[in-house]
Student: 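Right, I'll just put the structure down here and ask away after.
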Amino acid sequence: MTARSAPLDVLADLEGTRAWQESFYEDLHQHPELSHQEHRTAGAVAQRLRDAGYEVTDGVGGTGVVGMLRNGVGASVLLRADMDALPVEEATGLPYASTVTATDLSGAEVPVMHACGHDVHVTCLLGAAALLANHQDQWTGTLVVLFQPAEELGDGARRMVEDSLVRLVGPVDVAFAQHVLPMPSGTVGTRSGAVLSAADSMRVTVHGRGSHGSMPQASVDPVVLAAMIVVRLQTVVSREVAPTSPAVLTVGSIRAGSKSNVIDDHAVLELNVRSYDEGTRSTVLDAVRRIVTAECQASGSPSEPEFELFDRFPPTVNDPATTARVRAAFADYFGPDAQELELQSASEDFSDIPHALGVPYSYWGIGGVDAEAYRTAAAGGRVAQDIPVNHSPLFAPVLQPTLDTGTSALVVAALAWLA
Ligand code: ZN
Ligand code: ZN
């Protein structure tokens with residue numbers, strides 16, 4: 001028996017990784033890459049993993065990288081980070097701010113910024129991978145470190161799964177991921193059950209019959225039809241979903257017609273649904289289809305409506321037993337900095353990976369905001385106004401203790417299974 005716990009022994013070396021992690025992070029922040037274009041990032045990740053002694057497979061699902069470290073008999077733990085940045089023009093004024101532009105999927109030249117903190121995730125996971133590789137005497141089992149592309153598009157994890165990820169990593173017992181959030185730096189937040197919402201966007205095309213604006217009797221007016229649909233859709237969340245199950249249904253766009261005296265022959269609506277469990281998700285999406293179809297029938301629409309789902313993210317629902325074990329390990333290591341994470345309205349595609357592997361998972365948040373600045377904002381009731389959130393051009397996690405915390409959290413959770 002050693003006098004100290006395994007996490008304490010492994011993390012005694014944190015100072016050694018901190019030096020390269022900070023410069024690695026600043027470099028990554030200065031060189032953000034859009035979804036599915038993470039070539040430079042993936043190259044740097046693969047190199048670091050090879051240097052640390054990992055078996056590395058790159059090009060998984062495009063730019064995904066998987067590192068494996070087999071260290072005897074025991075559990076297999078998967079740790080995941082996302083790598084992509086956003087088409088946002090950085091306004092932080094940081095010395096290592098991005099001035100990068102890139103060509104997006106539509107061919108447009110756009111500014112690029114790590115506005116969601118995925119550079120933090122990559123840096124922390126590389127640090128944890130190095131620490132665990134340097135201290136293989138403290139644990140046994142298999143460590144899988146996974147760096148995925150295109151979280152922001154919601155299809156990066158799925159593309160890795162479709163590229164035989166399950167065969168590549170073999171049997172896994174548990175999967176973990178984390179996100180830097182607008183909470184005080186140094187804190188880590190866990191939550192059991194639903195933690196992030198599912199998101200679904202739907203494009204609905206309804207058909208009418210075009211006519212002169214002065215002769216409505218010859219038309220089936222798609223503008224009136226679309227208006228009825230929008231009003232009726234307001235009853236889905238209020239009348240069909242239990243008040244204990246949070247859900248949002250927003251019609252964000254309607255397009256029909258081009259001139260005041262012309263009745264168009266179709267209308268296109270785009271809507272977005274957020275939910276926290278698969279049951280509510282299908283209740284809402286089924287209700288949308290039912291209502292649109294019935295309103296089309298009520299209007300005498302000449303052909304069936306069309307539905308197209310896009311930008312879909314699964315719900316993130318933390319396994320209670322897994323999360324309890326992570327939470328206990330965090331409480332041991334972080335003390336009062338280990339907190340309860342609030343339910344988040346954002347969405348993630350991480351859970352596509354544990355779903356494909358058929359394993360439980362836990363997803364937690366780490367703080368990225370200077371603790372003093374956070375306290376001041378909270379004392380003045382100005383957190384929402386003064387603290388930039390993810391995707392803001394001002395989003396700027398403080399380097400420390402953010403990187404140390406994210407690195408330690410991954411090590412502590414992994415060792416709760418491997419030590
Ligand atoms: Zn994001
Ligand atoms: Zn993100």
Side-chain angles (χ1 to χ4, degrees), residues 25 28-29 31-38 41-42 45 61 63-65 79-92 98 100 102 104-105 110-126 146-160 175-183 185 188-189 191 195-201 272 274 310-316 318 341-354 361-369 387-398 402-403 405-406 409-410:
Y25 171 77
L28 209 52
H29 191 85
H31 297 91
E33 295 171 299
L34 291 176
S35 306
H36 296 304
Q37 300 179 19
E38 307 91 337
T41 308
V45 164
T63 55
V65 181
L79 306 175
R80 169 272 205 181
D82 40 11
M83 302 190 287
D84 55 328
L86 286 159
V88 171
E89 187 167 5
E90 180 153 359
T92 61
S98 162
V100 167
D104 71 10
L105 292 172
V110 293
V112 189
M113 174 190 175
H114 265 298
C116 202
H118 298 184
D119 45 356
V120 172
H121 309 164
V122 170
T123 307
C124 291
L125 182 50
L126 282 175
L146 183 152
F147 297 79
Q148 78 154 76
E151 183 283 325
E152 297 291 355
L153 298 184
D155 66 356
R158 200 169 66 236
R159 287 208 200 175
M160 288 188 80
F176 298 120
Q178 61 184 0
H179 210 296
V180 62
L181 295 171
M183 323 189 294
S185 179
V188 50
R191 182 179 183 85
V195 57
L196 301 173
S197 69
D200 298 278
S201 287
N272 185 258
R274 302 280 165 147
F310 62 101
D311 287 357
R312 308 192 73 191
F313 291 81
T316 306
N318 283 339
L341 183 66
E342 282 176 28
L343 186 63
Q344 306 286 311
S345 57
S347 306
E348 257 277 358
D349 70 347
F350 158 64
S351 68
D352 282 339
I353 292 168
Y361 62 88
S362 198
Y363 180 95
W364 62 80
I366 59 167
V369 182
I387 304 294
V389 297
N390 305 63
H391 292 204
S392 154
L394 297 171
F395 185 71
V398 290
T402 308
L403 295 176
T405 306
L410 292 166

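What you see is a predicted model; the values in this text were computed from it and never measured. Ligands are counted one by one from 1 in listed order, and the atoms in each one are counted from 1 as well. We count residues from 1, following the sequence as given.
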Student: Taking the six-membered ring where the residue is Trp, are the ring centres of Phe176 and Tyr363 under 6.0 Å apart?
Tutor: no

Student: For a salt bridge (Lys or Arg N to Asp or Glu O under 4.0 Å) check, start with the C-alpha distance between Arg80 and Glu151, then their side-chain angles and the critical distance, and finish with the verdict.
Tutor: CA-CA 11 Å; Arg80 169 272 205 181; Glu151 183 283 325; 5.3 Å; no

Student: Within less than 2.8 Å, report the number of protein N/O/S atoms around the Zn ion (ligand 2).
Tutor: 3

Student: Is it true that the side chains of Gln37 and Asp84 contain a donor and an acceptor less than 3.5 Å apart?
Tutor: no

Student: Do we see a donor-acceptor contact under 3.5 Å between the side chains of Ser197 and Ser347?
Tutor: yes

Student: So with a 6.0 Å cut-off around CG of Leu105, is the heavy-atom count from everything else above 12?
Tutor: no

Student: For His391, what is the atom name of its N, O or S atom nearest to the Zn ion (ligand 1)?
Tutor: NE2

Student: Who pairs with Glu33 by side chain to side chain contact (heavy atoms under 4.5 Å, CB included), at least two apart in sequence or on another chain?
Tutor: Glu38, His39, Arg40, Thr41

